[in-house]
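Keep in mind it's a predicted model, so treat the numbers as computed, not measured. In what follows, residues are counted from 1 in the order of the sequence shown.
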Amino acid sequence: MTMMGWAVLLVVVASMAGEAAGRFVVEKNSLRVTSPAGLRGVYECAIGNFGMPQYGGTMHGVVVYPKANKKACRSFDDFDLSFKPKPGGLPVFLLVDRGDCYFTTKGWNAQTAGAAAVLVADDRLEPLITMDSPESSGTDYIEKITVPSALVTKKFGDDLKKALENGDMVNVLLDWRESLPHPDERVEYEFWTNSNDECGAKCDMQMNFVRNFRGTAQVLEKRGYTQFTPHYITWYCPEAFVLSKQCRSQCINHGRYCAPDPEQDFNIGYDGKDVVLQNLIQICLFKVGNETHKPWVWWDYVHDFSIRCPMKEKKYTRECANGVIKSLGLDLERINKCVGDPEADEENPVLKAEQDAQIGQGSRGDVTILPTLVVNNKQYRGKLEKSAVLKAVCSGFEETTEPDDTFRGRVCECPIARGVKFVGDGYTHCEASGVGRCQINNGGCWKETKNGKTVSACSNEESKGCKCPPGFKGDGIKSCEDIDECKDKLFCQCKDCSCENTWGSYECSCGGSKVASSSVGWGFLWVIFFGLALAGIGAYAVYKYRLRSYMDSEIRAIMAQYMPLENQETPNQHRPVEHADI
């Protein structure tokens, strides 16, 4: 990238940041100290934009200030320190000092040491700020942070340390119940995102969230529990640079709507204007879907587009986007009409509305962080992860109006749908189980139809799991491949026999006549043959035995008329037979 390019990019971003200055709202929750008496009261703290705040709930614990590694920039294992509570003990809220490393590093080290929450004490006298995650590489651990975090003022942090030094037990209650408004029986939430898939960890996080939250979002929307709206951030190019090469590559509609270059290099790959165009297509798709009473189709499109049209495969094009739109059965003509002409020197009403929506209204501040989730007009802070976001959405319902399977973000249970019981934790996953599970998305198993024959790896006889049917091999979830019995020489191996593989089966012919078909092969036929042979031999043996016994009895009867047999008694054994009597 040239110096001119960097200058333009910085001017664009700086101008927008200058406009937003002073309107960024720090989202807060309450921290109540219950002891000691001198500190008892309610204090504000700023919710960290990582970890998992317990929206709709509370957490009670005891504050601990470490003897060493007070800034938590190193692993506590190096200092032989652990904060895992003993059985029956209260969770530990670890108090650490700000400075010397990322906020996320402090959170991760505290979590691995057993802390249930992290309180970061500011090191300067200033209003509370939002602790955000860094953009740099080598921070894969951020996705693993689950404990909530909060920033407290320097004065409050000093007071906590002083109480601990005096030997006081400091008990606190973190309260997120009022962190998000819950005015009625429907939750309205927004997701500020972009279509760029080459911006590193944050882009990966966005797509993982879309992939994992899609089903839940669609169910909530279809049942009328929520109203979802996606949004996209764009910037404008300063008028003095509108005709520059850099602005022309980053913007559409003559510098009115811009996005940063995906690779941060104007000379390679895709340009910022490509990102703006794809963002516009996704907004228009949602708009058309909403007008046709199918707003949830946005989740399907974004998911499918990320798989079928990635930048790294050089498929991030309008043609690829059109293909995805057609595959979903959407009105391509209406969507293209909404998109308009990106080359026109005029405002695009859809993107103009998006820029206006970026400016905060009421209690909501300007949207300056990507990605950003807004629930009931309050910006969500924390990990962009299915279970954490679902808790936040659930907490947005007015008491007693939440869906039956939720309760103010504290309990979300898997439902019973179409007579099929779903099992799971209710937050991270729900899957169909028991009889009839194959009717719901085929039980999550592989299914394919070929030549009018449908084969499935789901069986209603099994309460869970997927297994490829006979004649196929694979994991049963993503795929099942046909077994070539002929190639593998499993069956039909007799002399002069011809084997032909079929889908899921085979056919065996001998002398032009089919003698075996399907997965029942010669091995089974040989078993039948030997069984019949053994039965015949057995029957013959019984026959011979019975015949011999019969002949023996007849001979004995005849001979008994002429002479006494050894085992036959006569009336006068002392007198010989008198032959004259005959």
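Under the 30°/60° scheme for interplanar angles, the aromatic rings of Phe213 and Tyr189 are found to stand perpendicular. By the 30° and 60° cut-offs, the orientation of the rings of Phe228 relative to Phe286 is perpendicular.
Here the side chains of Met131 and Arg98 are not in contact, with every heavy-atom distance at 4.5 Å or above. Two residues are said to be in side-chain contact when any heavy atoms from C-beta on lie closer than 4.5 Å; Glu198 and Tyr270 fail this criterion. Annotation: side chain of Cys284 is in contact with side chain of Ile335 (closest heavy-atom distance under 4.5 Å). With contacts defined as side-chain heavy-atom distances shorter than 4.5 Å, the pair Leu370/Trp192 qualifies. Put simply, the side chain of Asp345 reaches to within 4.5 Å of the side chain of Arg256, judged on heavy atoms. Under the 4.5 Å side-chain criterion, counting only non-hydrogen atoms from C-beta, Gln355 is in contact with Thr234. Between Ile283 and Leu351, the closest side-chain pair of non-hydrogen atoms falls below 4.5 Å. In this structure, Trp296 and Arg214 have side chains that are not in contact, with every pair of non-hydrogen atoms separated by 4.5 Å or more.
The distance from the CG atom of Leu277 to the OH atom of Tyr257 is 14.0 Å, given to the nearest 0.5 Å. Atoms CD and CE, from Glu143 and Met205 in turn, are 6.0 Å apart once rounded to the nearest 0.5 Å. Distance check, rounded to the nearest 0.5 Å: CG of Asp132 to CG of Asn49 gives 4.5 Å. Of the inter-residue distances, the one linking Ile325 atom CD1 with Asp304 atom CG reads 11.5 Å to the nearest 0.5 angstrom. Annotation: the span from Ile142 atom CD1 to Phe103 atom CZ amounts to 12.5 Å, rounded to 0.5 Å. Taken from CD1 in Ile252 to SG in Cys247, the straight-line distance is 13.0 Å, to the nearest 0.5 Å.
Closest non-hydrogen pair, Cys480 versus Gly476, comes out as SG-CA, 3.6 Å. What you find for Asp271 and Pro262 is that their closest heavy atoms are C-CD, 3.6 Å. Minimum interatomic distance between Pro260 and Trp235 (heavy atoms only, all atoms of both residues): CD-CZ3, 3.2 Å. Between Asn212 and Lys386, the closest heavy-atom pair is O-CD, 3.3 Å. The two residues Leu94 and Ala115 come nearest to each other via the heavy atoms CB-CB, 3.9 Å. Closest heavy-atom contact between Ala72 and Asn109: O-ND2, 2.9 Å.
Side-chain atoms of Thr229 and Glu190 include no donor-acceptor pair closer than 3.5 Å. A donor and an acceptor atom, one from each side chain of Asn279 and Asn194, are nowhere located under 3.5 Å apart. Looking at Tyr316 and Ser195, their side chains do bring a donor and an acceptor atom within 3.5 Å of each other. Side-chain contact, Arg211 with Ser306: no donor N or O sits under 3.5 Å from an acceptor N or O.
Of the two cysteines examined, Cys438 and Cys445, the SG atoms fail the criterion of being under 2.5 Å apart. For the two cysteine residues Cys237 and Cys258, the thiol sulfurs sit 2.5 Å or further apart.
Aromatic pair Phe209/Phe191: ring centres closer than 6.0 Å.
Using a distance-only test at 3.5 Å, with no hydrogens or angles considered, no donor-acceptor pair links the side chain of Asn348 to the main chain of Pro342. In this structure, the side chain of Tyr232 does not engage the main chain of Gln282 through any donor-acceptor pair within 3.5 Å. A distance-only check finds a donor-acceptor pair linking the side chain of Glu385 to the backbone of Ser387 [under 3.5 Å]. Side chain of Asn376 to main chain of Val187: no donor-acceptor pair is present (N/O by atom type, distance under 3.5 Å, no hydrogens or angles). Proximity of a side-chain donor or acceptor of Arg381 to a complementary backbone N or O of Gly48 within less than 3.5 Å is not detected. Between the side chain of Gln379 and the main chain of Asp366, a donor-acceptor pair closer than 3.5 Å is present. For Asn253 (side chain) and Glu346 (main-chain N/O), a donor-acceptor pair under 3.5 Å exists by modelled atom type. At distances below 3.5 Å, at least one donor-acceptor pair connects side-chain atoms of Gln111 with backbone N or O atoms of Thr146.
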Stepwise side-chain contact (heavy atoms from CB on, under 4.5 Å) test for Glu188 and Asn377: CA-CA 8 Å; Glu188 299 174 1; Asn377 208 38; over 6 Å; no

Check against side chain to side chain donor-acceptor pair (under 3.5 Å), Arg334 and Thr292: CA-CA 11 Å; Arg334 285 182 66 179; Thr292 55; 5.8 Å; no

side-chain contact (heavy atoms from CB on, under 4.5 Å) between Cys73 and Lys106, worked out: CA-CA 6 Å; Cys73 290; Lys106 300 176 190 292; 3.9 Å; yes

Trace of the side chain to side chain donor-acceptor pair (under 3.5 Å) decision for Tyr141 with Thr104: CA-CA 9 Å; Tyr141 65 87; Thr104 51; 3.0 Å; yes

Check against side-chain contact (heavy atoms from CB on, under 4.5 Å), Asn196 and Met311: CA-CA 8 Å; Asn196 179 5; Met311 287 183 175; 3.5 Å; yes

Test log, rule disulfide bond (SG atoms under 2.5 Å apart), inputs Cys466 and Cys458: CA-CA 5 Å; Cys466 305; Cys458 182; over 6 Å; no

Glu221/Trp299 under side-chain contact (heavy atoms from CB on, under 4.5 Å): CA gap, chis, key distance, verdict: CA-CA 11 Å; Glu221 194 81 6; Trp299 294 91; over 6 Å; no

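Ion pair Glu333/Lys337 not flagged as a salt bridge, since none of the NZ, NE, NH1 or NH2 atoms sits closer than 4.0 Å to an Asp/Glu carboxylate oxygen. Salt-bridge annotation for Lys315 and Glu313: present, with a side-chain N of the basic residue lying under 4.0 Å from a carboxylate O of the acidic one. Salt bridge annotation for Asp274-Arg318: absent, with no cationic side-chain nitrogen under 4.0 angstrom from a carboxylate oxygen.
No more than 12 heavy-atom neighbours from other residues, nucleotides or ligands sit within 6.0 angstrom of CD on Glu481. The number of heavy-atom neighbours closer than 6.0 Å to CD of Glu239, taken from other residues, nucleotides and ligands shown, is 12 or below.
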